[in-house]
Amino acid sequence: MAFTPALRRIDDAAATRLAQQAIADPQREPAVRADLCWMVVLSPLVRHWARQYFPSAGHLVEDCEIEIQRILEAKIRRSSGGLDLAQIAGGTKLSVVVNALCRNQVFASTVIRNVKTRLRLVGDPVGASQEVDLAAVGSDEVVVSPVAATPSVRTDPDQAEYHDRLEALILSLESSRKSVGGIHQSARYLRANLQIRQLAPLDDEHREAVAAEIDEDRAAASTAVQNAYAGIPAEDTDQPVLTGILRASYDEDELAKLSEVADDNILPLWLIVKSMVTPRPMLAKTTCARLHEAARHLSDEAQWSPLSALVVDCFLDSISDLPRELSPYFKAAVPRTDEERAAATQRLHHAAAAAAKHRFAPMGSSVEAVVLWLDDQLGAVEMIEAQELKQRTDVRALVDNFAARSEVRGIAG
């Protein structure tokens, strides 16, 4: 069963105090934005506006809630062009800012468009053609930039929702034990939740050495993390190569987060390290199609459609080392060389620069912002697919269980 948190009203006074702390100590800004994000996404305002957007389509309200949460979260967490902490610290109520944003027609149309896009891609049994009167949603007094949907990122790995989503991702991996893509999908979500950087690809020598250290024992990755965090010399451990890489690549705060996870469960750390040494196959066609669709809908301009397709294609090419796992060439394929990876990265850089120069810059106004949008959006798409797989598996289990009980009753009768 999915985790359903208890809703609570936004504490505007607490939000003001938090914003003042961030203004006084800029190093606290990320933590403050995370706290404000929780205040907003767990408030009844989200459900209220979801019902306003789809007043006569109750079956779409939950999807709309998720979309509003994602966009609000992206807005609040973004330090540049996001929620103005100085405004909140100055006394403006956070609830007023959120209501004004949700009342804005640009925001409302972005949410509704994303919900309908997902319906077209996933399928909707009823009401897919439900029309919404934007004029009835509210005025457009507040002018904001449209924000693209991003994955729901949690900073506390102990939250029940984190574990529920992790379960879905692990299920997607275990559903096909040969799935290389499942390893990368799970690792991406884990890094996002823990706010851990993705390391640069390892060279062949280090990749083989780390693979040898972790393949025989899944707990080896957790042991290496704990040794790195404790400051034990790499040469004194059973995983000298991995321990040395972790010490050299992550700062103390990141190692502390990883060590905390290692104390609880060995699988997350194994997935993160495994993704470092596993070549990534090209994503499934349905995943690519969803990412293309999300990018294309950022702007209605005719020139944007081919540009968004180019950027997405270059991004997908840059993160892939092998053909698709269902390709007949997959088993015999050889991962890319370092030179080929560098060329793919250069092509992505040129395409992202062109997208950043677009007059509306729908993905962001810099190469880094464009790549970050693509990475975040891919995480959102993969999370949707993992949750869908979990739901389908849960349904199959219920059907099988019902059939088994019926058979037993029939025999007993």
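Everything numeric here is computed off the predicted structure, so don't read it as measured data. Counting from 1, the numbers follow the sequence of the chain as shown. All values below come from the heavy atoms of this structure, side chains included, with hydrogens, waters and symmetry mates left out.
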Step-by-step salt bridge (charged side-chain N to carboxylate O under 4.0 Å, His left out) determination, Glu293 to Arg290: CA-CA 5 Å; Glu293 188 79 1; Arg290 282 175 159 170; over 6 Å; no
Output yes when a side-chain donor or acceptor of [X] lies under 3.5 Å from a complementary backbone atom of [Y], and no otherwise.
X: Glu260; Y: Lys257; value: no
X: Tyr250; Y: Val225; value: no
X: Ser318; Y: Phe315; value: yes
X: Glu65; Y: Ala50; value: no
X: Ser308; Y: Ser305; value: yes
X: Thr223; Y: Ala219; value: yes
X: Glu213; Y: Leu242; value: yes
X: Arg33; Y: Arg78; value: yes
X: Arg247; Y: Ala234; value: no

State which residues pass side chain to side chain donor-acceptor pair (under 3.5 Å) with Gln226; sequence neighbours excluded, sorted by chain then number. Asp263
Can you name the salt bridge (charged side-chain N to carboxylate O under 4.0 Å, His left out) partners of Asp317, sequence neighbours left out? Arg336, Arg347
With rounding to the nearest 0.5 angstrom, report the [atom1] to [atom2] distance, [X] to [Y].
X: Asn227; Y: Leu255; atom1: CG; atom2: CG; answer: 11.0 Å
X: Trp49; Y: Ser43; atom1: CH2; atom2: OG; answer: 12.0 Å
X: Ile319; Y: Asp375; atom1: CD1; atom2: CG; answer: 7.5 Å
X: Ser95; Y: Asn99; atom1: OG; atom2: CG; answer: 6.5 Å

For atom [atom1] of [X], is the number of surrounding heavy atoms from other residues, nucleotides or ligands below 6.0 Å larger than 12?
X: Glu252; atom1: CD; answer: no
X: His292; atom1: NE2; answer: yes
X: Asp236; atom1: CG; answer: yes
X: Glu235; atom1: CD; answer: yes

Does Leu283 form a side-chain contact (heavy atoms from CB on, under 4.5 Å) with Leu378? I'd like the steps, not just the answer. CA-CA 10 Å; Leu283 300 176; Leu378 176 58; 3.5 Å; yes
Taking side chain to side chain contact (heavy atoms under 4.5 Å, CB included) as the test, write out the residues that go with Val32, two or more places apart. Leu18, Ala22, Arg28, Leu36
If the plane angle is over 60° it's perpendicular, under 30° parallel, otherwise tilted; pick one for His358 and Trp304. perpendicular
